[in-house]
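Heads up, the thing below is written out as structure tokens.
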Protein chains: 2
Amino acid sequence: MTGIDLGNETENSIFEAALDVFSRKGKHGARMQEIADTAGINKAMLHYYFRSKDLLYESVLGHVAHHFFSALEDAMSRPGPFTDVLGQMVGVYLDMHAANPAVARLWIQENLNGAPVAERILKQRKQSGAPGPHRLMRRIEQAVDAGEIKPTEPIQLMITVLGMTVMSFISQPTMKTLDPAAMADQAAFLKRRKKHIVEVLTHGLAS
Amino acid sequence: MTGIDLGNETENSIFEAALDVFSRKGKHGARMQEIADTAGINKAMLHYYFRSKDLLYESVLGHVAHHFFSALEDAMSRPGPFTDVLGQMVGVYLDMHAANPAVARLWIQENLNGAPVAERILKQRKQSGAPGPHRLMRRIEQAVDAGEIKPTEPIQLMITVLGMTVMSFISQPTMKTLDPAAMADQAAFLKRRKKHIVEVLTHGLAS
DNA sequence: GTCTATATCTCGATAGAC
DNA sequence: GTCTATCGAGATATAGAC
């Protein structure tokens, strides 16, 4: 499902189930029983493989972060003008979230809680030189310096891109009540969504 | 704090506390004990005033929705070209969330949970003719028809505006670790944020 | 490795004194 | 209206059979 493999089949099914439940209910609202049921095993197995709820949560967040940052690094490293790279990253990012909507929810849940676990992970990645959002920030700075886009604070563009993409998934329950027809075909909606985002960003950032 | 008044001082303090705790932990993760502690009273009072956790949650979501939709309706109803109106709405919306960041978190939590309560509230408002997001959708359609902005699916612009604004608050824990300096002064950051959003939207939607 | 059974704690909700 | 004390349900985590 996620493309993340922990090496053991039972462990993987627990991982997928935990990701889903944590992303909907949050770290505190999630119930070990619901994770076990979703994974199709019993509660005792959760503790056998991941020891505690806290450690299970940390494992999920860590693996997901690594998976996403690595994929984004690939898209970012391709040559070409910044707006093309940005378009490709938006595409990759939307596709990854479409294949696994739980990840966007999980990241949001972590932020609503003050992001204590995510903070530790991000600092670690930056220190070790692993792919992470700080690299994207530098790339934006370079694009501004080269005159490829209008002067833009990197953090503003980060929030804007994150908002336009992630919100596509987060807000779906509400949006489906506002315009059910537009959201009925998920694949078609996301195709139009991607076009909209790239258009707005390209013209909105043109120098 | 929110400007929402339930008429009774104790009731108000419970309301504020519940909004804060629900917004951080979600409906399932929130603990009645924590709400009571935050409000400075004991658990029994929560049940005395709001009967149950479910009813407390519904009350909070309902009052917050009404407060925000009414304010947005005011900003939307002012005369002038659409891009000006949009700029004003973004300003009002950012200011409201800045004064009460818990609201954005609460709305997100509700969506992560499938938005069952919000759905009921939205349908009720639409039926009764009360201010709500469906009115903004119609206003966007009119702007497209009048050629004020390039052809744009209303739902796409809704998600984009929501994403650019709400994400400013939601993502702060992560963003603070990425660029602490930029986020240190909250008021200054939001001023720059507003400018960025209006610029990107104005040029990004120009017909 | 996988299960059942259970220990221990914490939750939402209520009873009843004041 | 506001409190303390407490109930029963449900939570995490563990023990121990297989």
Side-chain angles (χ1 to χ4, degrees), chain A residues 4-63 102 105-106 109-110 112-114 116-117, chain B residues 4-63 102 105-106 109-110 112-114 116-117:
Chain A
I4 297 174
D5 189 3
L6 279 59
N8 171 301
E9 195 184 330
T10 306
E11 218 165 331
N12 284 340
S13 69
I14 294 175
F15 180 89
E16 302 284 348
L19 170 57
D20 188 64
V21 176
F22 277 132
S23 79
R24 295 183 193 281
K25 308 288 174 65
K27 184 179 172 180
H28 300 92
R31 300 285 168 249
M32 295 294 266
Q33 184 64 62
E34 189 179 352
I35 295 175
D37 292 347
T38 306
I41 45 103
N42 58 67
K43 271 193 303 178
M45 297 299 289
L46 299 182
H47 293 93
Y48 177 81
Y49 279 104
F50 293 90
R51 190 149 192 91
S52 74
K53 192 184 182 183
D54 275 3
L55 287 175
L56 175 56
Y57 180 79
E58 289 218 14
S59 174
V60 169
L61 203 68
H63 281 96
R105 294 194 298 261
L106 186 73
Q109 291 275 12
E110 171 66 9
L112 293 177
N113 237 306
V117 184
Chain B
I4 297 174
D5 190 0
L6 278 61
N8 172 301
E9 196 184 332
T10 307
E11 218 166 330
N12 282 340
S13 69
I14 294 175
F15 180 89
E16 302 286 346
L19 169 58
D20 189 65
V21 176
F22 277 132
S23 78
R24 295 182 192 282
K25 306 289 173 64
K27 183 179 172 179
H28 300 91
R31 300 287 169 246
M32 295 294 266
Q33 184 64 63
E34 189 179 352
I35 295 176
D37 291 348
T38 306
I41 45 102
N42 58 68
K43 267 197 303 180
M45 297 299 289
L46 300 182
H47 293 93
Y48 178 80
Y49 279 103
F50 293 89
R51 187 147 195 96
S52 74
K53 191 184 183 183
D54 275 3
L55 288 176
L56 175 56
Y57 180 79
E58 288 218 13
S59 174
V60 169
L61 204 68
H63 280 96
R105 295 194 299 261
L106 186 73
Q109 290 277 11
E110 171 67 10
L112 294 176
N113 237 307
V117 184

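These figures come from a predicted structure and were not determined experimentally. Naming convention: chains lettered A, B, ... in sequence-line order (proteins, then strands); numbering from 1 in each chain.
- Applying the side chain to side chain donor-acceptor pair (under 3.5 Å) rule to Asn113(A) yields the partners His28(A); only residues at least two apart in sequence or on another chain are considered.
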Once each nucleotide of nucleotides 12-18 of chain C is scored for protein heavy atoms under 4.0 Å, what B/S/- sequence comes out, 5' to 3'? BBB----
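- Between Glu9(B) atom CD and dT2(D) atom C1' there is a gap of 14 Å when expressed in whole angstrom units.
- Residues Ala102(B) and Asp20(B) approach most closely at CB-CA, 4.3 Å, considering heavy atoms.
- By the side chain to side chain contact (heavy atoms under 4.5 Å, CB included) test, Arg31(A) is found to be paired with Glu34(A), Lys53(A), Arg31(B), residues two or more places apart in sequence or in another chain being considered.
- Looking at Val117(B) and Asp54(B), their side chains never come closer than 4.5 Å, going by heavy atoms from C-beta outward.
- Annotation: the terminal axes of the helix from dG1(C)-dC18(D) to dC18(C)-dG1(D) meet at 0°, where each axis is the rotation carrying the C1' atoms of four end pairs onto the next four (5 pairs per end, rounded to 10°).
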List the atom pairs, donor and acceptor, that lie under 3.5 Å between side-chain atoms in residues 39-49 of chain A and the rest of the protein, sequence neighbours left out.
residue	atom	partner	partner atom	Å
Asn42(A)	OD1	Ala44(A)	N	3.2
Asn42(A)	OD1	Met45(A)	N	3.4
His47(A)	ND1	Lys43(A)	O	3.4

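- The distance from the CD1 atom of Ile4(A) to the CG atom of Leu19(A) is 7.5 Å, given to the nearest 0.5 Å.
- In this structure Asp37(B) satisfies the salt bridge (charged side-chain N to carboxylate O under 4.0 Å, His left out) test with no other residue, sequence neighbours excluded.
- A heavy-atom distance below 4.0 Å to DNA chain D is reached by none of the residues of residues 35-42 of chain A.
- Remark: Thr10(B) is in phosphate contact with dT2(D), judged by side-chain N or O atoms under 4.0 Å from OP1 or OP2.
- Shown here are the ring-ring contact (aromatic ring centres under 6.0 Å, His included) partners of Tyr57(A), two or more places apart in sequence or in another chain: Phe22(A).
- Here the CG-CG distance, from Leu106(B) to Leu112(A), works out to 10.0 Å after rounding to the nearest 0.5 Å.
- Here dT12(D) presents its P atom at 14 Å from CG of Leu55(A), a figure rounded to the nearest Å.
- Partners of Asp5(A) under the side chain to side chain contact (heavy atoms under 4.5 Å, CB included) rule, at least two apart in sequence or in another chain, are Asn12(A).
- Taking every heavy atom of residues 12-26 of chain B and every atom of DNA chain D, no pair lies under 4.0 Å.
- Residue Tyr49(A) is in sugar-phosphate contact alone, with no base atom involved, counting any heavy-atom pair closer than 4.0 Å across all strands shown.
- In this structure, Gln109(A) and Arg24(A) approach most closely via the heavy-atom pair NE2-O, 3.3 Å.
- Put simply, CG on Leu46(B) is 14 Å from P on dT4(D), counting in whole angstrom units.
- Glu11(A) meets the salt bridge (charged side-chain N to carboxylate O under 4.0 Å, His left out) test with no other residue; sequence neighbours excluded.
- Here Leu55(A) pairs with Arg51(A), Ser52(A) under the side chain to side chain contact (heavy atoms under 4.5 Å, CB included) rule; sequence neighbours left out.
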